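Below you'll find the structure, written out as structure tokens, and then a few comments.
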Amino acid sequence: NSVVAFDKKIGFLQSMGKSDPNPELQLFLRSISRFMELVGQSIYTVPTYKLWRTKLYTEFETAADNVYRISEKYVDEARTELENQRNLTEGSQSGKFGEEQTILRFLIQNGRMPNEFIVNFMTALLFGGVEQVSQFLMWMFWLLGQSPDKQEKLHNEIKTNIGDSPVTVDTLGHLPYLKACVKETFRRIPPIATGIARKILEDTEIEGYQIPKGTFVFFGNNTLSMSEEYFENPEDFLPERWLQGAHDPPTQRLMGLCVLPFGLGKRNCLGRRFAEQEIHLAAIKILQKFHVEITDDCREVRPAYTTFAVPDRPIKFIFNRR
Ligand code: HEM
């Protein structure tokens with residue numbers, strides 16, 4: 001994700017595997033997690049932080065400062081890199097820096113967005129990838145680790161359609177069971193329990209409830225996706241329920257509307273396709289090489305909702321080489 005946000009790999013994974021991890025990256029990761037936790041806490045507490053600099057507020061401020069300061073450094077580095085390229089290609093009238101156009105290059109080159117907005121936007125892109133995608137993959141493998149038969153079914157689909165070959169757009173389009181596993185994970189553990197929030201723009205009536213203009217309403221992902229009215233045996237991890245033909249089309253459509261991890265409408269997730277592709281690729285690459293188990297003490301793990309669903313205790317995986 002850092003490639004999308006900052007035009008380069010910043011080395012999270014390599015750093016974590018080392019005995020002396022890069023302290024700045026460690027701080028960046030820790031601050032991103034803390035930032036998210038505190039945003040979550042702020043939703044569920046009395047907002048005294050609006051009146052006083054409470055502990056929650058000052059901790060949030062520190063985490064946010066760290067995140068934006070480090071992000072700004074990466075954006076500055078990308079800007080310097082572009083300037084250097086511009087000097088090299090001086091005389092070119094195209095106004096383009098090098099061959100490749102990226103989001104960051106476009107925004108810098110375009111010159112209309114103030115730097116702090118660019119930093120903010122790129123940080124939001126990074127947050128989406130670092131926190132959400134990695135947490136999602138963890139939950140998916142936690143569920144697959146408890147359902148070895150589903151994991152084998154998924155592995156077989158990957159083996160039959162891809163084998164050890166590189167993944168292409170075409171092969172990605174032929175993996176219905178993988179997509180069903182992803183959808184079912186989103187249903188079973190919605191990444192954001194409350195779901196998307198919207199401010200009602202005019203007085204509205206829904207099912208006899210009067211909702212005054214200006215009220216904040218939440219979608220209630222968790223309630224809908226665990227509702228027996230829409231899902232048989234909602235506690236069970238059953239990717240099969242999402243396969244074509246499992247239900248009649250109107251029911252299938254209703255089920256789909258109960259599980260909206262990326263939101264809906266004009267302000268839905270900008271990174272959805274990117275996130276889905278990352279998830280599909282990561283799942284394929286892991287399953288091509290490993291059979292994944294969880295340790296027995298992890299079966300009782302429950303999602304604890306901060307901003308996103310995080311495990312209430314660490315999950316330990318065992319990766320058995322195939
Ligand atoms: C599993 C991964 C992800 C989930 C579950 C997720 C979920 C969401 C949700 C629920 C929203 C609010 C949508 C609404 O209010 O209707 C959102 C917004 C957003 N997401 Fe994601 N997201 C994910 C990954 C990503 C990634 C990887 C990126 C960037 C590459 C990203 C960028 C954004 C941005 C920029 C917005 C704000 C859009 C706007 O306000 O117009 N997300 N995301």
Side-chain angles (χ1 to χ4, degrees), residues 1-10 12-13 28-29 32-33 35-37 39-40 43 67-68 71 74-75 78 101-107 113 116-144 172 178-201 215-225 242 256-284 286 303 305-311:
N1 230 50
S2 68
V3 176
V4 175
F6 304 127
D7 286 359
K8 65 175 181 188
K9 286 190 177 180
I10 58 178
F12 277 134
L13 285 176
F28 198 31
L29 265 190
I32 291 176
S33 294
F35 181 104
M36 288 300 183
E37 271 168 34
V39 169
I43 297 174
V67 170
Y68 288 108
S71 288
Y74 291 125
V75 171
Q101 188 64 296
T102 65
I103 306 176
L104 183 55
R105 280 170 183 232
F106 172 79
L107 292 177
M113 202 186 254
E116 60 188 285
F117 280 32
I118 299 182
V119 173
N120 207 318
F121 181 54
M122 291 305 163
T123 311
L125 289 186
L126 188 76
F127 270 33
V130 170
E131 276 292 311
Q132 300 245 59
V133 173
S134 53
Q135 294 286 356
F136 174 86
L137 284 166
M138 181 198 61
W139 285 118
M140 185 158 106
F141 278 101
W142 178 71
L143 289 163
L144 287 170
L172 273 182
L178 172 60
K179 285 174 190 159
C181 288
V182 171
K183 187 84 181 172
E184 181 67 349
T185 305
F186 275 131
R187 182 195 68 81
R188 194 54 195 73
I189 316 275
I192 306 175
T194 52
I196 51 174
R198 292 289 186 269
K199 195 174 180 177
I200 300 285
L201 295 179
T215 310
F216 264 108
V217 294
F218 290 92
F219 181 72
N221 276 354
N222 218 358
T223 317
L224 275 175
S225 66
W242 297 105
L257 287 171
C258 291
V259 182
L260 296 173
F262 295 102
L264 194 68
K266 266 195 213 160
R267 299 302 296 266
N268 78 354
C269 176
L270 204 62
R272 174 177 182 167
R273 300 289 171 219
F274 186 70
E276 285 174 339
Q277 201 170 67
E278 259 189 293
I279 289 168
H280 293 154
L281 284 175
I284 293 168
I286 291 171
Y305 282 96
T306 56
T307 304
F308 304 125
V310 292

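The first residue in the sequence is number 1, and the count goes up from there. Since the structure is predicted, the reported quantities are computational estimates derived from the model, not experimental observations. Whatever order the structure lists them in is the order used to number ligands and atoms, beginning at 1.
In the vicinity of Leu125, heavy-atom distances shorter than 4.0 Å reach the ligand 1 atoms 29 (C), 30 (C). The distance from ligand 1 to the heavy atoms of Ala275 drops below 4.0 Å at these ligand atoms: 2 (C), 24 (C), 27 (C). Distances below 4.0 Å separate heavy atoms of Pro191 from the following atoms of ligand 1: 5 (C).
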Step by step, work out the side-chain contact (heavy atoms from CB on, under 4.5 Å) result for Phe28 and Val67.
CA-CA 6 Å; Phe28 198 31; Val67 170; 4.0 Å; yes
Going through the checks in order, is the side-chain contact (heavy atoms from CB on, under 4.5 Å) test met by Trp242 and Glu184?
CA-CA 7 Å; Trp242 297 105; Glu184 181 67 349; 2.9 Å; yes
For the pair Phe274 and Leu125, evaluate side-chain contact (heavy atoms from CB on, under 4.5 Å) and give the outcome as yes or no after the intermediate values.
CA-CA 10 Å; Phe274 186 70; Leu125 289 186; over 6 Å; no
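The only member of Phe141, Phe136, Trp142 that meets ring pair (Phe, Tyr, Trp, His ring centres under 6.0 Å) when paired with Trp139 is Trp142.
Between the choices Thr185, Ile196, Leu137, Leu264, the shortest heavy-atom distance to atom 12 (C) of ligand 1 belongs to Ile196.
Here Lys183 contributes atom NZ and Lys179 contributes atom NZ; the two are 12.5 Å apart, rounded to the nearest 0.5 Å.
For Arg267, a nitrogen or oxygen atom sits less than 3.5 Å from a nitrogen or oxygen atom of ligand 1, counting backbone and side chain alike. The distance criterion of under 3.5 Å between nitrogen or oxygen atoms is met by Arg198 with respect to ligand 1.
For Pro261, the closest heavy-atom approach to ligand 1 falls below 4.0 Å.
Within the 4.5 Å cutoff, the side chain of Arg187 has no heavy atoms near those of the Pro261 side chain. Side-chain contact between Phe262 and Asn268 is absent, with no heavy-atom pair separated by less than 4.5 Å.
Within the 4.0 Å heavy-atom criterion, both parts of Phe262, backbone and side chain, lie near ligand 1. Proximity of Ala124 to ligand 1, defined as any heavy-atom pair under 4.0 Å, is not found for any part of the residue.
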